[in-house]
Amino acid sequence: MKTELEGFRVKSDKHAEAQEWLKFLADNRQAFLTTLPAEKMLVESVFSTMIGNDLYLCWYSIQGDNPRPVEDSESELDKRHVAYWEDCIDESVPSLKFDHVVNYVPDELTQKMSRLYEN
């Protein structure tokens, strides 16, 4: 099991597109939930924040072992999600990486969720 929190800077001229992306994610929440099992994604949350004039999008996730990368998905939703990423995220700027210290998710809940995505 892997827990991550990482933030990525949005290109300065792509703030409007990033807001459109976040709306797309929120508007398609139920459909995206169906894509999570293949990624072994138990929990995924998206946050945004401004640091100075820079917009950052941050992902928090708890993911099981041996996931399929989202880039390998045949889902049209995932393909659009990856296209937004490639358009909006400034990969020339190092991401904000946070060291995981501790989870406060009951073991029985994590185990139950993991069983949902076995195989």
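Counting from 1, the numbers follow the sequence of the chain as shown.
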J.: When you compare the side chain of Leu42 with that of Met1, does any pair of heavy atoms fall below 4.5 Å?
T.: yes
J.: Any chance you could lay out the side-chain contact (heavy atoms from CB on, under 4.5 Å) test for Asp65 and Lys40, step after step, and finish with the verdict?
T.: CA-CA 7 Å; Asp65 297 327; Lys40 307 284 178 83; over 6 Å; no
J.: Quick one: does Gln63's side chain have a donor or acceptor within less than 3.5 Å of a partner on Glu39's backbone?
T.: yes
J.: Is it possible for you to say whether Ile62 and Phe98 belong to one hydrophobic cluster, with membership spreading through side-chain heavy-atom contacts below 4.5 Å?
T.: yes
J.: Evaluate the salt bridge (Lys or Arg N to Asp or Glu O under 4.0 Å) criterion for residues Asp27 and Lys23: first the C-alpha distance (whole Å), next the side-chain angles of each, then the deciding distance (0.1 Å), finally the verdict.
T.: CA-CA 6 Å; Asp27 288 349; Lys23 183 175 180 345; 2.6 Å; yes
J.: Do the side chains of Ile51 and Val46 join up, straight or via other hydrophobic residues, at under 4.5 Å, putting them in one cluster?
T.: no
J.: Just jot down the ring-ring contact (aromatic ring centres under 6.0 Å, His included) partners of Phe24, sequence neighbours excluded, or say none.
T.: Phe32, Tyr84
J.: Apply the test salt bridge (Lys or Arg N to Asp or Glu O under 4.0 Å) to residues Lys11 and Asp54: give CA-CA distance (whole Å), side-chain angles for both, the deciding distance (0.1 Å), then the verdict.
T.: CA-CA 8 Å; Lys11 296 173 185 172; Asp54 295 321; over 6 Å; no
J.: Nearest 0.5 Å, please: how far is CD in Glu44 from OG in Ser61?
T.: 6.5 Å
J.: Just wondering, do Tyr60 and Val43 contact through their side chains at under 4.5 Å, heavy atoms?
T.: yes
J.: Could you tell me whether the side chain of Thr34 and the main chain of Ala31 form a donor-acceptor pair under 3.5 Å?
T.: yes
J.: With heavy-atom distances below 4.5 Å as the criterion, would you say the side chains of Val105 and Thr3 are in contact?
T.: no
J.: Only counting residues at least two apart or in another chain, list the ones meeting side-chain hydrogen bond (donor to acceptor under 3.5 Å, both in side chains) with Asp90.
T.: Arg9, Ser92
J.: Nearest 0.5 Å, please: how far is CZ in Arg80 from CG in Leu25?
T.: 9.5 Å
J.: Contact between His81 and Trp21 at the side-chain level, heavy atoms closer than 4.5 Å - yes or no?
T.: yes
J.: Which pair of non-hydrogen atoms, one from Gly7 and one from Cys58, has the smallest distance, and what is that distance?
T.: CA-SG, 3.6 Å
J.: Taking only residues two or more places apart in sequence or in another chain, which ones pass side-chain hydrogen bond (donor to acceptor under 3.5 Å, both in side chains) with His100?
T.: Asn103
J.: Could you walk me through whether Lys14 and Asp87 satisfy the salt bridge (Lys or Arg N to Asp or Glu O under 4.0 Å) test, starting with their C-alpha distance in whole Å, then the side-chain angles of each, then the deciding distance to 0.1 Å, before giving a yes or no?
T.: CA-CA 8 Å; Lys14 295 293 183 174; Asp87 185 44; 3.0 Å; yes
J.: If you measure only the distance, is there a donor-acceptor pair under 3.5 Å linking the side chains of Glu91 and Trp85?
T.: yes
J.: Any side-chain heavy atom of Trp59 sitting closer than 4.5 Å to one from Ser45?
T.: no
J.: Find the distance between CG (Asp78) and OG1 (Thr35) and round it off to the nearest 0.5 Å.
T.: 4.5 Å
J.: Between Pro67 and Gly64, which heavy-atom pair has the shortest distance, and what is it?
T.: CD-O, 3.7 Å
J.: Under a 4.5 Å side-chain heavy-atom rule over Ile, Leu, Val, Met, Phe, Trp and Tyr, are Phe8 and Leu5 clustered together?
T.: no
J.: At what distance, to the nearest 0.5 angstrom, does OG1 of Thr49 lie from OH of Tyr56?
T.: 10.0 Å
J.: Measuring from atom OG of Ser95 to atom CG of Leu57, what distance do you get when rounded to the nearest 0.5 angstrom?
T.: 12.5 Å
J.: Test of understanding: with salt bridge (charged side-chain N to carboxylate O under 4.0 Å, His left out), list the residues that count as partners of Glu74, not counting sequence neighbours.
T.: Lys79
J.: If you compare all heavy atoms of Cys88 against all heavy atoms of Ala18, which two are closest, and at what distance to 0.1 Å?
T.: SG-N, 3.8 Å
J.: Can you pull the salt bridge (charged side-chain N to carboxylate O under 4.0 Å, His left out) pairs that have at least one residue in residues 94-105, sequence neighbours excluded?
T.: Glu6-Lys97
J.: Could you see if Val82 belongs to whatever hydrophobic cluster contains Met41? Use Ile, Leu, Val, Met, Phe, Trp, Tyr and a side-chain cutoff under 4.5 Å.
T.: no
J.: For Asn53, enumerate each residue passing the side-chain hydrogen bond (donor to acceptor under 3.5 Å, both in side chains) test, keeping only those at least two apart in sequence or located in another chain.
T.: none
J.: Please say yes or no: joined through hydrophobic side-chain contacts below 4.5 Å, possibly via intermediate residues, are Leu33 and Leu77 part of one cluster?
T.: no
